[in-house]
Amino acid sequence: MNVLIALFLGLVQGITEFLPVSSSGHLAVLQNLMNVQEPDLLFELLLHMGTLISILVVYRTEVKEMLRDGIEYVRFKSDSNADEPVTLKPPGRALLLVIVGTLPMLIGVFFIGAIERLFFNTFFIAFAFLVTGGLLFVSSRFIAQGNKTEKTMTIVDALLIGLSQTVALLPGLSRSGTTIAVGLARGLSGQFAVRFSLLLAIPAILGGFVVTLFRAITGGADFANLHAYLAGFVVAAVVGYFAIQLIRMLMAKGRFGNIAYYCWGVGILTLIWSLIAM
């Protein structure tokens, strides 16, 4: 892989990981177009690291507060000498909700093989793109934003959003788009739906990182193109940072649903290409 291809794929990963257009769907279509039968695991690993870094940079304050309050809660809760009842502060509660929302991802472990086979089924990917567009359109046009935040969001809300994230393992179905749409349907405010979706991505990306790392170690990583991979990693991190800012701005301005037209366009083009390539 040369540097230009790595830069291009890093750009695609950085943009599509957080905008509700499905990074897995885009990368799967590109891999099929370029006839890539097996993705390079080391490169995939670095791209995941890049997008993870972009989230941690944008939400560094929130993540720090969540971890601090969560640790304090556990420490005081285990202190048998504590005189006053211990309650979770909002950041600590947000951490709990993220943990609960991550639990349904364990279900996806049992379907990894079937999901990976769908990455080569461009008809399915085209259909999933169309569904993503429908979710974005309906959630922005027909569902009024609520006012739930980490203070009022329930465990059931977190589980349902987490379940939607598990379903979004399917290529072409956007993880961020699906979780934000379900969050809005459960009464979350627009800005908090975006924030919770992106915070929920941290353990999801970490899980994917661990799985890919194991596969890279057992399968043997190729370091010959490391310079190109690092270039893609940097681009994914930088572009991911700006993509997060963009999705927050689109939600604030009420234009989140406009991305549906892009998803429909990509879905139709993928379907046409699939029919031609038969």
Side-chain angles (χ1 to χ4, degrees), residues 1 5-6 8-52 104-135 163-179 201 204-222 225 229 232-233 236 240 262-278:
M1 182 183 297
I5 293 178
F8 174 68
L9 292 177
L11 177 67
V12 172
Q13 175 72 14
I15 293 174
T16 60
E17 180 68 38
F18 304 116
L19 291 180
V21 295
S22 179
S23 61
S24 61
H26 279 76
L27 291 175
V29 169
L30 288 172
Q31 287 173 11
N32 281 279
L33 279 171
M34 294 185 291
N35 198 29
V36 177
Q37 296 302 313
E38 289 291 338
D40 191 296
L41 294 176
L42 179 59
F43 185 51
E44 187 176 317
L45 198 68
L46 289 171
L47 289 183
H48 280 138
M49 285 179 62
T51 50
L52 178 60
M105 288 290 283
L106 297 175
I107 300 172
V109 174
F110 299 100
F111 301 97
I112 289 296
I115 292 171
E116 287 184 341
R117 287 192 292 273
L118 290 174
F119 276 75
F120 300 98
N121 187 335
T122 52
F123 283 103
F124 178 87
I125 295 171
F127 173 75
F129 275 131
L130 298 175
V131 172
T132 294
L135 286 173
L163 186 60
S164 72
Q165 177 174 245
T166 304
V167 175
L169 289 171
L170 299 171
L173 196 60
S174 168
R175 191 208 66 82
S176 62
T178 303
T179 52
I205 294 175
L206 278 174
F209 175 87
V210 171
V211 171
T212 306
L213 178 61
F214 176 77
R215 293 171 62 186
I217 292 173
T218 55
D222 181 11
N225 297 312
Y229 297 165
F233 157 75
Y262 172 82
C263 293
W264 287 333
V266 172
I268 291 170
L269 288 175
T270 302
L271 181 59
I272 293 172
W273 171 63
S274 301
L275 291 171
I276 293 174
M278 284 183 64

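In this text the structure is predicted, and so the values were computed from the model without any measurement. For reference, positions follow the sequence shown, starting with 1.
Judged by distance alone, with hydrogens and angles left aside, the side-chain atoms of Thr270 form no donor-acceptor pair with the main-chain N or O of Ala126 at under 3.5 Å. When atom types are taken as modelled, the side chain of Thr179 and the backbone of Ser176 share a donor-acceptor pair closer than 3.5 angstrom.
Of all heavy-atom pairs spanning Ala236 and Gln13, the tightest one is CB-CG, 4.4 Å. The minimum heavy-atom distance linking Gly172 with Ser22 is given by the pair N-OG, 3.1 Å. For Pro20 against Gly177, the heavy-atom pair with the smallest separation is CB-CA, 3.4 Å. Minimum interatomic distance between Tyr229 and Ala6 (heavy atoms only, all atoms of both residues): N-CB, 4.5 Å. Closest approach of Ser24 and Leu170 over heavy atoms only: OG-O, 4.0 Å. Scanning both residues, Val29 and Phe129, for their nearest heavy atoms gives CG2-CE1, 4.2 Å.
Distance CZ/Phe124 to CG/Leu271: 13.5 Å, rounded to 0.5 Å. To the nearest 0.5 Å, atom CE of residue Met49 and atom CG of residue Leu206 are 10.5 Å apart. Interatomic distance, Leu9 CG to Leu46 CG, rounded to the nearest 0.5 Å: 12.5 Å.
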Inset, instruction - Go through the steps for Phe123 and Leu275 under the test side-chain contact (heavy atoms from CB on, under 4.5 Å), then give the verdict. - result: CA-CA 8 Å; Phe123 283 103; Leu275 291 171; 3.6 Å; yes

Legend entry - Chi angles and distances behind the side-chain contact (heavy atoms from CB on, under 4.5 Å) call for Val167, Thr178: CA-CA 9 Å; Val167 175; Thr178 303; 5.7 Å; no

Inset, instruction - Please assess Tyr262 against Leu19 for the test side-chain contact (heavy atoms from CB on, under 4.5 Å), listing each intermediate value before the final yes or no. - result: CA-CA 11 Å; Tyr262 172 82; Leu19 291 180; over 6 Å; no

Legend entry - side-chain contact (heavy atoms from CB on, under 4.5 Å) evaluation trace for Leu27 with Val12: CA-CA 8 Å; Leu27 291 175; Val12 172; 4.0 Å; yes

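Note on residues 113-124: pairs passing salt bridge (Lys or Arg N to Asp or Glu O under 4.0 Å), not counting sequence neighbours, are Glu116-Arg215. Within the structure, salt bridge (Lys or Arg N to Asp or Glu O under 4.0 Å) contacts touching residues 263-276 (residues at least two apart or in different chains) do not occur. Among residues at least two apart or in separate chains, there is no salt bridge (Lys or Arg N to Asp or Glu O under 4.0 Å) pair with a member in residues 105-115.
When side chains are defined from C-beta on, Leu173 counts as touching Leu135, because their heavy atoms get closer than 4.5 Å. Contact of the Ser174 side chain with the Val21 side chain is not registered, since no non-hydrogen atoms from C-beta on lie closer than 4.5 Å. Taking 4.5 Å as the limit, every side-chain heavy atom of Ile15 sits out of range of all side-chain heavy atoms of His26. Two residues are said to be in side-chain contact when any heavy atoms from C-beta on lie closer than 4.5 Å; Trp264 and Leu130 meet this criterion. Side-chain contact between Leu118 and Ile125: absent, with no pair of heavy atoms (C-beta onward) separated by less than 4.5 Å.
Evaluation of the ring-ring contact (aromatic ring centres under 6.0 Å, His included) rule for Phe8 yields no partner, not counting sequence neighbours. Legend: residues meeting ring-ring contact (aromatic ring centres under 6.0 Å, His included) with Phe18, ordered by chain and number and at least two apart, are absent. In this structure, His48 has no ring-ring contact (aromatic ring centres under 6.0 Å, His included) partners at least two apart in sequence or on a different chain.
For the side chain to side chain contact (heavy atoms under 4.5 Å, CB included) criterion with Ser274, the lone passing option out of Asn121, Thr122, Leu269 is Thr122.
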